[in-house]
Asker: 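Have a look at this one.
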Amino acid sequence: MSTNPTTYDRIYDVVRQIPLGRVATYGQIAELSNLAGKARLVGYALYRVDMQNLDIPWQRVVNAKGEISLSPLRFGTDYLQRDLLENEGISFNDAGKINLRKYLWQPHKSQPVD
DNA sequence: ATTCTGACGAGCG
DNA sequence: TCGCTCGCCAGAA
């Protein structure tokens, strides 16, 4: 017997589709998971992901401002996420923000690097 | 069944 | 531009 996918499983499936070198916002993942307007759920779901498990590229999900959303309870996570993204070729400005116009994942469209 | 816990984002002053 | 409020809800114990 197989268990039906949970809501979080669906969220993880979408996150897995984010291409290398691109990022998506929590709200965007919510919409693609048929959870429009429920961005927080995506955050809740990603909070559960084991940071060492890169099978789910959790590091590619950032907030709508292009910043890494931090969890006070995960000291050091900010550094880890930024490090992983920079290794994928994503750059941060002086304010610690990502240029979404350049790096935001655009499903259905081609993915021009610039 | 109930309580508690969290990686968001739009709107508004 | 910035900070604050408020709506949102699945999963673990």
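Lettering of chains follows the sequences in order, A, B, ..., and the numbering in each one begins at 1. Note that this is a predicted model, so its numbers are computed, not measured.
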Asker: Taking all atoms of both residues into account, what is the closest heavy-atom pair of A:Ile18 and A:Ala24, and its distance?
Answerer: CD1-CB, 3.7 Å
Asker: If we ignore hydrogens and angles and just use 3.5 Å, is the side chain of A:Arg60 paired with the main-chain N or O of A:Thr25 as donor and acceptor?
Answerer: no
Asker: Take atom CG of A:Leu80 and atom P of B:dA7, then tell me their distance rounded to the nearest Å.
Answerer: 16 Å
Asker: Whether the side chain of A:Trp58 engages the backbone of A:Met51 through a donor-acceptor N/O pair (distance < 3.5 Å, no angle test) should be reported.
Answerer: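 The answer is yes, because a donor-acceptor pair under 3.5 Å joins these two groups.
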Asker: Rounded to the Å, how far apart are A:Tyr12 OH and C:dA10 C1'?
Answerer: 10 Å
Asker: Any sub-3.5 Å donor-acceptor pair from A:Asp83's side-chain atoms to A:Tyr79's backbone N or O?
Answerer: no
Asker: When you measure from the side chain of A:Asp9 to the backbone of A:Thr6, do you find a donor-acceptor pair of N or O atoms at a distance under 3.5 Å?
Answerer: yes
Asker: Evaluate salt bridge (charged side-chain N to carboxylate O under 4.0 Å, His left out) for A:Asp13 paired with A:Arg10, printing each intermediate quantity in order.
Answerer: CA-CA 5 Å; A:Asp13 283 339; A:Arg10 286 193 285 116; over 6 Å; no
Asker: Roughly how many Å apart are B:dC12 and C:dC8, using the P atom of each and rounding to a whole number?
Answerer: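 Pairwise P distance, C:dC8 against B:dC12, rounds to 16 Å.
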Asker: Distance-only, no hydrogens or angles: does the A:Tyr12 side chain make a donor-acceptor pair with backbone N or O of A:Ala45 under 3.5 Å?
Answerer: yes
Asker: Could you tell me how far apart A:Leu46 (CG) and C:dG11 (C1') are, to the nearest whole angstrom?
Answerer: 14 Å
Asker: Near DNA chain B, which residues from residues 83-93 of chain A have a heavy atom under 4.0 Å away?
Answerer: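 Heavy-atom cutoff 4.0 Å gives no residues at all.
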Asker: Test A:Gln59 against every option in A:Asn87, A:Leu85, A:Ile90 by the side chain to side chain contact (heavy atoms under 4.5 Å, CB included) rule and name the one that passes.
Answerer: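 Filter result, single survivor: A:Leu85.
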Asker: Please determine whether a side-chain nitrogen or oxygen atom of A:Thr6 lies at a distance below 4.0 Å from atom OP1 or OP2 of C:dG11.
Answerer: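 Looking at the OP1 and OP2 atoms of C:dG11, one of them is under 4.0 Å from a side-chain N or O of A:Thr6.
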Asker: Output the rounded distance in Å from CZ (A:Arg48) to P (B:dT5).
Answerer: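 Rounded to whole Å, this separation is 12 Å.
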Asker: Assess A:Arg82 against A:Phe92: is NZ or CZ under 6.0 Å from the centre of the six-membered ring, and within 45 degrees of the ring's axis?
Answerer: yes
Asker: Using a heavy-atom distance cut-off of less than 4.0 Å, which residues of residues 55-66 of chain A contact DNA chain B?
Answerer: A:Trp58, A:Asn63, A:Ala64
Asker: Mind calculating the distance between OH (A:Tyr47) and P (C:dA12) to the nearest angstrom?
Answerer: 13 Å
Asker: Just wondering, do A:Tyr44 and B:dG6 stack (centres under 5.5 Å, planes under 30°)?
Answerer: yes
Asker: Please report the distance, rounded to the nearest Å, between CG in A:Asp9 and P in C:dA12.
Answerer: 10 Å
Asker: Roughly, in whole Å, what's the span from CD1 in A:Ile11 to P in B:dA7?
Answerer: 15 Å
Asker: Using whole Å, what does the distance between atom P of nucleotide B:dG9 and atom CG of A:Leu104 come to?
Answerer: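 Distance, rounded to whole Å: 11 Å.
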Asker: When you check the side-chain N and O atoms of A:Arg40 and A:Tyr44, is any donor under 3.5 Å from an acceptor?
Answerer: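 Looking only at side-chain atoms, A:Tyr44 and A:Arg40 do form a donor-acceptor pair, the distance falling under 3.5 Å.
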Asker: By a strict heavy-atom criterion of less than 4.0 Å, which residues belonging to residues 31-42 of chain A are in contact with DNA chain C?
Answerer: A:Lys38, A:Arg40, A:Leu41
Asker: Short question: side chain of A:Gln81, backbone of A:Val61 - any donor-acceptor pair under 3.5 Å?
Answerer: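 Answer holds: yes.
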